[in-house]
Amino acid sequence: MDEYSIPVPVKPPAEIESLYLPVPPWLEEKSKEGDELVLFVGPQHGGSGHMRLIVRVHGDVIREVIPDPGFVHRGVEKLAENKLYIQNIPLVERPAIMDCINMSLGYVRAIEKALDIEVPERAKYIRTMLAEVCRIGTHLYDAGILSVFLGHTTGFMWPFALRELTCEILMRVSGARITASYVVPGGVRRDVDRGTLNFISDAMTYIQQKSKDFEKVFIRNPVTIARMKDVGVLSRKEAIKYGVVGPFLRASGVEYDVRAVEPYDAYDELTWDVIVADDGDSYSRFLVRVNEIQQSIGIVRQCVKALKDMPEGKIAVDTKGKMLDSVKGTFFRTFGRLTLPAGEFTTLTEASRGTLLYTIVSDGKSNAPYRLRVVTPGWYYLKGFMESLKGCRLADLQAVYGSFGYFPPEADR
Amino acid sequence: MLSYLLEMFRQNSVGIPLITRKVVLYHTANKIAYIPPLTSLFAKIPILNLIVALIFWKPFFAVLFAPGLVCILIAILFIIWFERKVTARVQWRYGPLEVSRNVGGIIQPMADGMRYFFQEVIVHREAHKPYFLQFPLITFLPVLLPILVIPAGTIYAINTPYSILVAIALISLIPMIIVAIGWASNSKYAYVGSLREAMMYFSYEIVLMIAAMSMVIIYGSANAIEIVKEQSTIPGILLNPFAALAFFVAIAMATSRFPFEIPEADQEVVFGPFIEYTGIIFGVVMTLAYEKLYLLCMLFSILFLGGWNGPFIPPLGDLSPALWLFLKTIGLMMIFVFFRTFYARYRLDQALKIGWSKLMALAMVALITGLGLGAVNVMGWL
Amino acid sequence: MVNKRIKRIKPPSPDFVESVKYHLEAFGVALKEAIKPSRMTIQYPRELRKRPKGFRGMLVLDVNKCISCFQCTFVCPANAIHMKKAPNGKYYPCVDYAKCIFCHYCEETCTKGAWKSTNFMDVAFSRVEEMLLTTEKLINGPEVPEEEREDEYMVEYEIRGSKLELKKEYSPEKLVEVED
């Protein structure tokens, strides 16, 4: 076999070489002195997402993990500055498309806060219901990814198959399977009819029933318990220190849920529990989310019941306070020329993977945001994720990765 | 010289009435017309008769056909299809279907093999090229050599009182070659993978041997033919279930079946020692675990399930016991691949711990049971 | 914390007997599914999922209703729509399916209802240039030639009690249907 080389001197300029972060050239040599092996996990690896993890392993024990995110950075914040306020709705749900309603809900609520719009009751319930459907879908997605990281292929296929039902719900309600773009300032885009509501409650029954089988085959499987118990432990103190959010914070024993602390939409009118675990290990992080699926099913049921009792119509409100039965035909006229008053408007949302922050900075004149700040849960808990890996075995990398449900597109935005 | 060889082959040839007996076409008062048997078709042609006789010579037949190469091939093609199909069924899918829809896509592994065959073999720059290419082929030695001493009924190559011991010793060579493959690949993941393979080797090997030995003690012989003869009334799994369980788990560890699929873990070390292989060589190393599974399952059925004991099928002649052995082996392999559907994989240190604590204790219980049963000469009573 | 209850969960820590039970349970569930699977996969080119009413698919333009108000161009978040001058002097929209994200803001924007959705979303073209659909092509809507059709059944998920059934029916004569 001959080797071919192209006789072109390809050498990066010196000023670019300094940007070779976070892999400094001396890392390899230095690790050899410390009897270490430097492993590059990702971005093309069977067990990593679109992200590189630089792992320093001593024997079989991880000494340090250096994250290298940004492979799927799409510049959502910058793109948002050149678009109308409503055009940003499909954009902001791109980072986590399986969690689309929660992602757009935070953004839309920031606009509503700025314009001081009170959303109609029916729209509130529809939003809450779909947000929880998305939460179920995302948690199922993460459970599947965790399973396949541990090598359990059945545990991968079943949640993904059940997630198909949440996609079907979104398709019947909004018309699209994942990127719904369904929430608009002042309400939602379409009404939900009775047949769809029946299907939603049937689908919830089916998911609940099938998740019992999933519990037997994966969650309570002794191999799973052995792999995840006491692995990647974050104590309550550490979790707060490293700024972990959402279910992962609750798994460490902190009772914080944005839906309960600062209720938005219909959350304060519904009954549900905040799931908290004390151990802070991978298994609790997983169990908290599994139990949240059950709570979400309960919330969706309550919403379906409330929506059935309500008269249909009146699902949106325009800036002047006029109730709309449908946005069809008046979409651009109603929402296209939104101009926000000058100032900063921040909302916190409990997305599936944790707290989601949106800040809109408006100059008060233009119809596009002056600055949109998006901080996704993935970015919040990346530090905690890396810290919890210290002292784990090399094979635990996947278990901890899956237990955090880290989703690089979401974190990179 | 040739006639001597021919005579030697013919004296020890496999008798399969289905193809060696004459088939009568019609039979009148004074005339009998028959189709000559397949084996005597070339009886008069100088070189061909030697080749035909060689093929049906028992030692050669054992290595090449049953229980050797052809059976391994059939078993692998079937078990890979079965593994994918049953996993798909449990996972609410269809599995391989598009290649030959009418028979449920059963020739899919063959199609995959073809694809591997025509794929480019890439040898990366860091690899130790000669060993990188040689080792996958050398693996056939420890896979095929045990066939010489593992008999299938009357078809055997070497009848020795040490057959079980020699077979296990030869099978134990396979991890060495896998470790060597990881060394020759010269890549970080291959390094981690071969370390895992070596660690797993430590965790199951002694248990496997003790479990086999406890059965050898009970039967009072390490000759597979004797062992199977002893089991004509009661199979070994009932005599010493502890040994059977220990051997069973050790097989799962040895062949990296779930939940011990640790050296090749896709999501952790991306096929471990075999990470750098492509094309047909990857196909060869990928089937290595299945070949090992076939051999160890065959040993399991000889030691615990009564080997080739089963109703005799007259038309098959010598092939009948071989068929029974093959069916039992395939059944066992089906159980092993079914574990994929409901198990995750253990961590390396957990597998080592299991191997040296629980499994070792079980093996010790098995050994004590074996010693006890051997001391009272249970086989003599039965 | 407002009026929400806190529920603390305790992870199971099985002893030996429970652990054996859990192993057997996992095996039992897998065996049950292997014997009688609750399959929900469809075989794609032969079976298609039935799209619900209101599905956001490829677009059709009713050119008689279009008043050239340009609103769909303004609202499109992906800049996929642009207007082109027709021989009669009016401007009509073209859609670039390389950019379209199927948000259907255009359909909701149109004051006269000129934009209509179909139940078809298999956006496959052999060349990039073909992805820009001109107004003439938008009027006719997406078409699948009869000889290229592979579908035999339309499948719909139906949940009856605790069972998910795949309701199959034969494919319609015309694959692409315009919603009203």
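So that the names make sense, note that chain A is the first sequence line, chain B the second, and so on, each numbered from 1. Remember, predicted model here, so these are calculated numbers, not experimental data.
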Taking the six-membered ring of A:Phe331 as reference, does the NZ or CZ atom of A:Arg189 fall below 6.0 Å from its centre and within a 45° cone about the axis? yes
Ion pair present between C:Glu143 and C:Arg149, side-chain N to carboxylate O less than 4.0 angstrom? no
Under 4.0 Å between a side-chain nitrogen and a carboxylate oxygen: does that hold for C:Glu108 and A:Lys328? no
Would you mind checking if C:Glu152 and C:Lys168 are paired as a salt bridge, meaning a charged N to carboxylate O distance below 4.0 Å? no
Go through the atoms of C:Pro14 and report whether side chain, backbone, both or neither lie under 4.5 Å from a heavy atom of chain A. side chain
Are the ring centres of A:Phe286 and A:Phe218 closer than 6.0 Å? yes
Measure C:Thr41 against the heavy atoms of chain A and call it side chain, backbone, both or neither at under 4.5 Å. neither
Whatever's closer than 4.5 Å to a heavy atom in chain A on C:Glu158 counts as neither
Under 4.0 Å between a side-chain nitrogen and a carboxylate oxygen: does that hold for A:Glu292 and A:Arg250? yes
Within residues 54-61 of chain C, which residues come under 4.5 Å of chain A, heavy atom to heavy atom? C:Gly54, C:Phe55, C:Arg56
Shortest non-hydrogen pair, C:Tyr91 vs C:Met83, comes out as O-CE, 3.8 Å
Using heavy-atom distances under 4.5 Å, tell me whether C:Phe74 contacts chain A through its side chain, its backbone, both, or neither. both
In terms of heavy-atom proximity below 4.5 Å to chain A, should C:Cys76 be classed as side chain, backbone, both, or neither? backbone
